[in-house]
Undergrad: 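Structure incoming, see below.
Residue numbers count from 1 along this sequence.
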Amino acid sequence: MSNSTSPAITNTIADGEDGIEYERAYVRMLYERLDARRADTARRLQGVLHDETVGTPQALTERDAAAAMYTDRLAALRAAEHGLAFGRLDVADGERRYVGRLGLLDEDNEYEPLLMDWRAPAARPFYTATAASPEGIRRRRHLRTRRREVLAVDDEVLDLDDATAVTQTSGLTSEAALLAAVDARRTGRMADIVATIQAEQDAIIRSKPSGVLVVQGGPGTGKTAVALHRAAYLLYTHRDRLARRGVLVVGPNPTFLSYIGQVLPSLGETSVVLGTVGQLHPGLDARRAEPVETAAVKGRAEMAAVVAAAVRDRQQVPRRPVELVVEQQPVRLDRDVAHAARTRARRSRKPHNEAKRIFRKEALRLLAEQVARTLTGPGGRNLLDAGDLADIREELGESAELGRELEQLWPTLSAEQLLTDLFADRKRLGSVARRLPAADRELLVRPAPADDVPADLRWTPADVPLLDEAAELLGDDGSEAAAREAAALREEVMYAQGVLDVLDLEEDLDPELLRATDIVDADRLAERQRVRRYDSTAERAAADREWTYGHVIVDEAQELTPMAWRLVMRRCPSRSMTIVGDIAQTGDLDGAGSWDEVLAPFVARRWRLEQLTVNYRTPSEIADVADDVLAAIEPGLAPPRSVRSAGVPPRAVAAAPGELDDTVAKVLAEETGAVGEGRTAVLAPTARVEPLRERLLGERAGDGDVDLTAPVVVLPVTAAKGLEFDAVIVVEPAEMLAESPRGMNDLYVALTRATQQLAVVHAGELPPVLGKLQQS
């Protein structure tokens with residue numbers, strides 16, 4: 001960017017070209033350009049939407065594609081409203097580069113760059129340049145804004161020969177801006193870090209997309225923010241490829257997804273699919289609860305063999321011959337015929353529902369030969385030509401009774417029906433899951449749900465990888481898609497007929513004139529008016545179980561079970577993945593013990609590891625307590641380095657017997673008063689969550705999803721992973737330790753959610769590992 005400025009800016013400079021008034025004027029100009037682009041895009045969108053030209057199906061599709069493109073562009077422009085420009089680079093040769101959320105060009109001045117997108121290569125020194133390695137940058141300026149106004153500027157002089165240069169010792173880029181961001185009160189929604197990305201984070205964000213990248217980092221190191229910014233960066237730099245296949249972000253629970261939901265839209269990206277493992281089966285958001293022991297069994301790798309055996313178990317041969325009469329000819333469907341047909345179908349290696357056609361075709365062929373022998377006697381088959389045999393097969397194929405028998409031997413199955421039948425039948429489960437201990441098989445048994453139970457409450461999150469495994473083995477014979485298409489067409493025909501009926505009721509029509517029904521019938525009108533809708537990549541991907549993504553990001557990846565990993569890997573055959581997590585925070589009974597253990601079955605050793613080492617969230621006072629817990633989990637593991645202090649030591653508050661809830665309420669009042677408009681979380685053992693919600697918030701069980709924007713929330717530790725709050729109250733840590741074999745990991749997670757203050761309330765014995773807490 002050159003040094004030239006527009007007259008409107010130059011005339012408002014009151015304190016020289018380096019002052020805050022200049023920056024205020026420049027940013028106002030950028031917002032004027034942004035508003036102009038918004039208005040122009042909105043006009044173009046309206047023009048497309050109101051285009052009533054009747055064209056070919058291709059023209060209609062192109063119109064809808066243009067509408068989707070302008071809609072996405074308008075969403076990106078609106079998302080850039082907050083913090084449009086946040087930095088400036090002064091290059092050694094005098095050039096200035098403003099850095100912001102998106103790129104803006106001066107269309108009146110040969111498209112001169114006015115603002116660089118933060119993802120552009122030329123913007124990278126904003127995050128990586130240092131005094132020791134300035135990368136050609138003389139000065140880096142951070143613009144601190146609120147709404148559309150510049151409040152302050154922070155300068156970093158990187159030219160060591162400059163008389164005003166200062167020595168930096170923290171190793172942090174723009175320490176003032178960074179600490180202002182981490183000290184800010186939480187809002188219940190994750191904010192992007194686009195203005196304060198640090199060098200170690202930037203290296204990961206801009207890393208090549210190919211292969212599996214594992215990002216290991218302790219609490220507060222910005223793992224999630226790095227993963228989301230990486231998604232935005234990859235979509236910017238590899239848009240041609242990723243726009244076709246999309247990016248999938250997998251999170252640990254719906255609360256977490258709600259927390260991070262605004263980050264990518266604020267970065268101008270609206271085409272990413274976000275979901276939990278329980279939401280990766282189209283049309284399903286599995287929410288049924290089950291014991292953790294049952295979920296752990298379902299998560300084991302051995303369950304893949306159980307599901308495969310369950311499919312094979314439904315490919316049967318008759319126990320005794322079935323005698324039928326078809327077109328006055330006796331037909332004997334016995335084990336030999338069914339076994340030969342089944343063998344032929346299995347050898348095709350097609351999914352069950354697709355192989356059914358082969359089974360049926362082979363069975364009809366063998367039965368036709370049987371009928372031919374009956375008609376001609378032994379050895380007389382050659383008296384019939386191919387046409388005669390084809391006629392016999394056709395007659396057999398039209399027999400409803402024979403069709404029912406073949407359906408019993410090789411039924412069309414859905415993944416839902418397969419698992420429902422399996423879990424409801426102890427005998428069948430015992431047959432297909434012999435390798436599982438009897439106690440584990442018993443954990444899997446459950447009655448089939450009633451027909452009126454919603455699908456989301458029929459299935460647990462741990463069921464979804466099993467459903468996906470079953471769907472992969474079963475395939476689709478096309479009947480479901482055809483049924484949906486037929487149902488949609490029927491609705492459209494009924495609607496069209498209603499329109500024609502209304503037109504025919506017009507009383508003032510001249511009987512000599514042609515009526516609408518004289519020209520077109522309901523079928524033809526429905527076909528002409530069928531709605532053609534252009535779905536975005538994200539919408540199509542989310543609705544298609546077999547969709548494969550260009551890149552997959554897995555957050556809190558240490559929680560995924562082996563079966564969940566099979567599901568996720570199936571979504572990304574290219575293995576272009578970013579895996580983010582912390583082994584020390586593993587809470588799931590069948591979660592990761594090491595990254596090599598997780599990835600070896602899928603990519604062997606073809607993965608690379610990056611470490612995040614700086615803790616931006618947790619104050620040093622709280623980190624000192626949490627580090628003792630980390631040492632108990634994994635002796636010798638180096639904790640992340642905390643870079644800030646809150647000045648408030650974490651405390652332990654003892655409650656008298658029977659007064660735990662009252663003591664928590666008292667401490668909560670103190671903590672919320674201290675953090676003002678910030679957010680406070682009460683993290684408790686699972687059994688205490690609902691009573692505490694009712695006592696502290698007046699909420700009953702089943703009142704709905706947790707609202708993270710509320711001043712106070714009460715959560716189990718499993719729902720707090722990846723979240724952060726200004727103040728945290730941990731209730732009965734001894735019960736947390738006893739609640740799970742990985743209780744120490746859960747306690748570590750609970751202690752590291754706070755950005756300002758931490759209190760631990762206990763009526764029972766305080767675990768020795770928390771000895772550094774200040775008693776109060």
Side-chain angles (χ1 to χ4, degrees), residues 277-278 280-281 284-320 322 335 338-339 342 345-346 351-353 355-356 359 404-475 561-567 588-591 686 740-741:
V277 169
L280 294 185
H281 197 74
L284 183 64
D285 183 6
R287 291 173 176 263
R288 177 173 174 166
E290 67 182 345
V292 293
E293 295 83 5
T294 303
V297 172
K298 291 178 180 179
R300 293 179 192 166
E302 294 88 342
M303 287 301 297
V306 172
V307 175
V311 173
R312 292 175 66 88
D313 182 63
R314 304 301 292 270
Q315 301 164 358
Q316 299 179 352
V317 296
R319 295 180 179 178
R320 60 182 62 88
V322 178
R335 291 180 64 87
H339 184 271
R342 183 176 69 176
R346 285 178 174 176
H352 171 90
N353 289 329
K356 177 182 178 179
F359 171 80
R404 286 193 296 271
E405 294 297 336
L406 293 176
E407 178 68 25
Q408 289 292 321
L409 298 178
W410 194 295
T412 299
L413 294 170
S414 68
E416 292 80 1
Q417 189 61 50
L418 178 78
L419 290 187
T420 298
D421 293 347
L422 178 63
F423 292 153
D425 189 336
R426 277 187 174 84
K427 184 177 180 181
R428 175 171 285 162
L429 188 59
S431 174
V432 304
R434 293 190 185 96
R435 295 184 180 181
L436 294 182
D440 289 348
R441 293 199 300 269
E442 190 61 29
L443 288 173
L444 296 176
V445 174
R446 71 185 186 206
D451 292 340
D452 59 348
V453 176
D456 292 355
L457 299 180
R458 288 171 175 257
W459 303 102
T460 72
D463 287 328
V464 171
L466 304 183
L467 287 169
D468 193 73
E469 191 79 23
E472 190 74 11
L473 296 172
L474 293 172
T561 66
M563 287 302 297
W565 278 114
R566 288 176 64 88
L567 181 158
D588 195 285
L589 288 180
D590 212 26
T686 303
S740 165

Undergrad: Could you measure the distance from the CG atom of D456 to the CG atom of D285? Nearest 0.5 Å is fine.
TA: 5.0 Å

Undergrad: Strictly distance-based, threshold 3.5 Å: is any side-chain N or O of R426 a donor or acceptor partner for the main-chain N or O of E442?
TA: no

Undergrad: CD of E290 to OG1 of T460: how many Å apart, nearest 0.5 Å?
TA: 3.5 Å

Undergrad: Atom CG in L418, atom CZ in R314: separation rounded to 0.5 Å?
TA: 6.5 Å

Undergrad: Which heavy atom of V432 sits nearest a heavy atom of A309, and at what distance?
TA: O-CB, 3.6 Å

Undergrad: Give the minimum heavy-atom separation between L444 and K298, together with the two atoms involved.
TA: CD2-CG, 3.6 Å

Undergrad: Would you give the length of the straight line joining atom CD of Q316 to atom CG of L409, rounded to the nearest 0.5 angstrom?
TA: 7.0 Å

Undergrad: Answer yes or no: is there a donor N or O on one side and an acceptor on the other, between the side chain of R346 and the main chain of R312, under 3.5 Å?
TA: yes

Undergrad: Quick check: do P411 and L413 have side-chain heavy atoms less than 4.5 Å from each other?
TA: yes

Undergrad: Using a 4.5 Å cut-off on heavy atoms from C-beta on, say whether the side chain of Q417 contacts that of L474.
TA: no

Undergrad: With heavy-atom distances below 4.5 Å as the criterion, would you say the side chains of D468 and L280 are in contact?
TA: no

Undergrad: Is any NZ, NE, NH1 or NH2 atom of the basic residue among E302 and R435 found under 4.0 Å from an Asp or Glu carboxylate oxygen of the other?
TA: no

Undergrad: How close do A424 and A448 get, counting heavy atoms only, and between which atoms?
TA: CB-N, 3.9 Å

Undergrad: Can you give me the closest heavy-atom contact between R335 and P318, atom names plus distance?
TA: CG-O, 3.0 Å

Undergrad: Are the side chains of P291 and L443 in contact, using a 4.5 Å heavy-atom criterion?
TA: no

Undergrad: Can you tell which of R446, R287, R458 makes a salt bridge (charged side-chain N to carboxylate O under 4.0 Å, His left out) with D463?
TA: R446

Undergrad: Can you tell me how far apart CZ (R342) and NZ (K356) are? Round to the nearest 0.5 Å.
TA: 16.0 Å

Undergrad: Is it true that a side-chain atom of H352 and a backbone atom of A470 form a donor plus acceptor pair closer than 3.5 Å?
TA: no

Undergrad: Measure the shortest side-chain to side-chain distance between H281 and E416 over non-hydrogen atoms and say whether it is less than 4.5 angstrom.
TA: yes

Undergrad: I want to check something: taking the side chain as every heavy atom from C-beta on, are M303 and E469 in contact at a cut-off of under 4.5 Å?
TA: no

Undergrad: Identify the heavy atoms of A286 and V464 that sit nearest to each other, and give their distance.
TA: CB-CG2, 3.7 Å

Undergrad: When you look at CD of E407, are more than 12 heavy atoms from neighbouring residues, nucleotides or ligands closer to it than 6.0 Å?
TA: yes

Undergrad: Could you check whether R300 pairs with D440 (Lys NZ or Arg NE/NH1/NH2 to Asp/Glu carboxylate O, under 4.0 Å)?
TA: yes

Undergrad: What pair of heavy atoms forms the shortest contact from T420 to W459, and how long is it?
TA: OG1-CH2, 3.5 Å

Undergrad: How many angstroms lie between atom CG of L429 and atom CG of L422, to the nearest 0.5 angstrom?
TA: 5.0 Å

